> 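Below are the structure tokens for one structure; questions will follow.
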Amino acid sequence: MRLGIISALAEEQHGLIEAIEGPCKRTHGMRDYTTGKLWEIDAVCVLSRIGKVAAAMTAAILVEKFEVTHIVFTGVAGSADADVNVGDIVVAESLIQHDFDASPLFPRYQIPLTGLSHFETDVKLSERMAGAGQQFIEHGLANVISPETVQTFKLNNPRLHRGLIASGDQFIGKPGQVTQLKAALPALLAVEMEGAAVAQVCFELGIPFAVIRTISDKANEDAATDFMHFVKTVASPYAFDILQRFCRA
Ligand code: SAH
């Protein structure tokens, strides 16, 4: 396995580059790709930046130029379900582009060429990622998140969910926006801006992939308020610890 690890924001991959043994950095298409050994795994780490095109470009380059055989995306997302709380973890079973609409030529959400609207993640890779996430909740969280931060963000009983994630080129936080998405896609657990783009590229190139997201906000009017604070103090240590458990599993 040669694993490509993508995040949108630097904080979502904080500490990872430093953890790479024998790192070698190569810049291509305005992004830095760092290759090396990550806890025994042959890995390539890269920041895609925000949005579907950025994520698709990064995933395709990882496969075509850096010859990765598997891809994982790790980052944060907004909750789209009343039972999914800030500090919870969502591992995607499938992903959809919620802003894609070529109707009436094609059914709503369907991606022409693939004939699909939902792109399924790799079962084995997602299982391994969910295992790492659950282990983190049970054994890691208390060691890497301070009691004050737990209190600030009410991270008392975080849970891991598995299901549908939707991506689009919008930060979801305007009144009614998430309610509308949930009404159209009742199984929806979380919203973000990259996962489904990586999913389409991996489907088209035949690459197994997984997406794991820490819930940073409720995708409502408060979504942007504490966003960066949360990403730095919570999502960063979550991602580092979970990826370490994933690689060592
Ligand atoms: N305010 C931030 C904007 C980041 S965009 C800034 O100043 O940098 C949000 C990023 O987190 C995207 O990469 C997306 O995948 C994820 N995300 C988290 N919450 C989201 C939400 N409510 N809607 C859409 N994307 C969200």
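Read the numbers this way: they start at 1 and go in the same order the structure lists the ligands and their atoms. These numbers come from a predicted model, not from an experiment.
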> From the options Val178, Ile50, Asp169, select the one whose nearest heavy atom is closest to atom 5 (S) of ligand 1.
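Going through Val178, Ile50, Asp169 one by one, Ile50 has the nearest heavy atom to atom 5 (S) of ligand 1.
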
> Among protein heavy atoms, which sits nearest to atom 20 (C) of ligand 1, and what does the distance come to when rounded to 0.1 Å?
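Result: Phe171 CE1, 3.4 Å.
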
> Tell me whether Asp88 contacts the main-chain N or O of Arg159 through its side chain, where contact means a donor paired with an acceptor under 3.5 Å.
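Confirmed, Asp88 side chain pairs with Arg159 backbone.
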
> Distance-only, no hydrogens or angles: does the Arg128 side chain make a donor-acceptor pair with backbone N or O of Phe246 under 3.5 Å?
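Judged by distance alone, yes, a pair lies under 3.5 Å.
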
> Counting only N and O atoms by type, is there a donor-acceptor contact under 3.5 Å from the side chain of Ser117 to the main-chain atoms of Tyr109?
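Answer holds: no.
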
> Could you tell me, atom by atom, which parts of ligand 1 come under 4.0 Å of a heavy atom of Ala8?
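Under 4.0 Å from Ala8, ligand 1 has these atoms: 13 (O).
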
> Counting heavy atoms not belonging to Met1, are there more than 12 under 6.0 Å from its CE?
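Buried by this count: over 12 neighbours within 6.0 Å.
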
> Just to check, does Arg213 reach to within less than 4.0 Å of ligand 1 when the distance is taken from its heavy atoms?
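The answer is yes, since Arg213 has a heavy atom less than 4.0 Å from ligand 1.
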
> What's the shortest distance from atom 17 (N) of ligand 1 to any protein heavy atom, and which residue and atom give it?
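Minimum-distance protein heavy atom for atom 17 (N) of ligand 1 reads Val76 O, 3.8 Å.
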
> For Asp217 and Asp222: C-alpha separation, side-chain torsions, deciding distance, then whether side-chain contact (heavy atoms from CB on, under 4.5 Å) applies.
CA-CA 8 Å; Asp217 56 82; Asp222 303 327; over 6 Å; no

> Are Phe227 and Phe171 close enough that their ring centers fall under 6.0 Å?
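Here the rings of Phe171 and Phe227 have centres that are less than 6.0 Å from each other.
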
> Flag the pair Phe136 / Tyr238 as yes when their ring centroid distance falls below 6.0 Å, and as no otherwise.
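For Phe136 and Tyr238, the ring centres are under 6.0 Å apart.
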
> Can you sort out which atoms of ligand 1 are near Ala219, meaning under 4.0 Å from one of its heavy atoms?
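With Ala219 as reference, the close atoms of ligand 1 come out as 22 (N).
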
> With atoms numbered from 1 as shown, which atoms in ligand 1 lie under 4.0 angstrom from a non-hydrogen atom of Gly78?
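Atoms satisfying the 4.0 Å criterion: 18 (C), 19 (N), 20 (C), 22 (N).
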
> Report the nearest protein non-hydrogen atom to atom 8 (O) of ligand 1: residue, atom name, distance rounded to 0.1 Å.
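Minimum-distance protein heavy atom for atom 8 (O) of ligand 1 reads Met228 SD, 4.2 Å.
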
> Looking only at protein heavy atoms, identify the closest one to atom 1 (N) of ligand 1 and say how far it is in Å.
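Result for atom 1 (N) of ligand 1: Phe227 CD2, 4.0 Å.
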
> Please confirm whether Ser216 comes under 4.0 Å of ligand 1, counting heavy atoms of the residue only.
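It does, in that a heavy atom of Ser216 comes within the 4.0 Å cut-off of ligand 1.
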
> Please write down residue, atom name and distance for the protein heavy atom closest to atom 23 (N) of ligand 1.
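Checking every protein heavy atom, the shortest distance to atom 23 (N) of ligand 1 gives Ile172 N, 2.8 Å.
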
> Starting from atom 19 (N) of ligand 1, locate the nearest protein heavy atom and write down its residue, its atom name and how far away it is, to 0.1 Å.
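Of every protein heavy atom, Asp217 OD2, 2.8 Å lies nearest to atom 19 (N) of ligand 1.
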
> Atom 13 (O) of ligand 1: which of Glu194, Lys218, Met193 has the nearest heavy atom?
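Considering heavy atoms of Glu194, Lys218, Met193, the nearest to atom 13 (O) of ligand 1 sits in Glu194.
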
> Is a donor on one side and an acceptor on the other found under 3.5 Å between the side chain of Lys218 and the backbone of Val84?
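Yes, the answer is positive, given that a donor and an acceptor are paired below the 3.5 Å cut-off.
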
> Looking only at atom types and distance, does a side-chain atom of Lys182 sit under 3.5 Å from a main-chain N or O of Asp81, one as donor and one as acceptor?
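No: the side chain of Lys182 does not pair with the backbone of Asp81.
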
> Quick one: does Val44's side chain get under 4.5 Å of Thr35's, heavy atoms only?
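Yes, at least one pair of side-chain atoms sits under 4.5 Å.
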
> Can you list the atoms of ligand 1 that are under 4.0 Å from a heavy atom of Gln170?
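Answer for ligand 1: 24 (C).
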
> Under 4.0 angstrom from ligand 1, any heavy atom of Gly173?
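No, Gly173 has no heavy atoms under 4.0 Å from ligand 1.
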
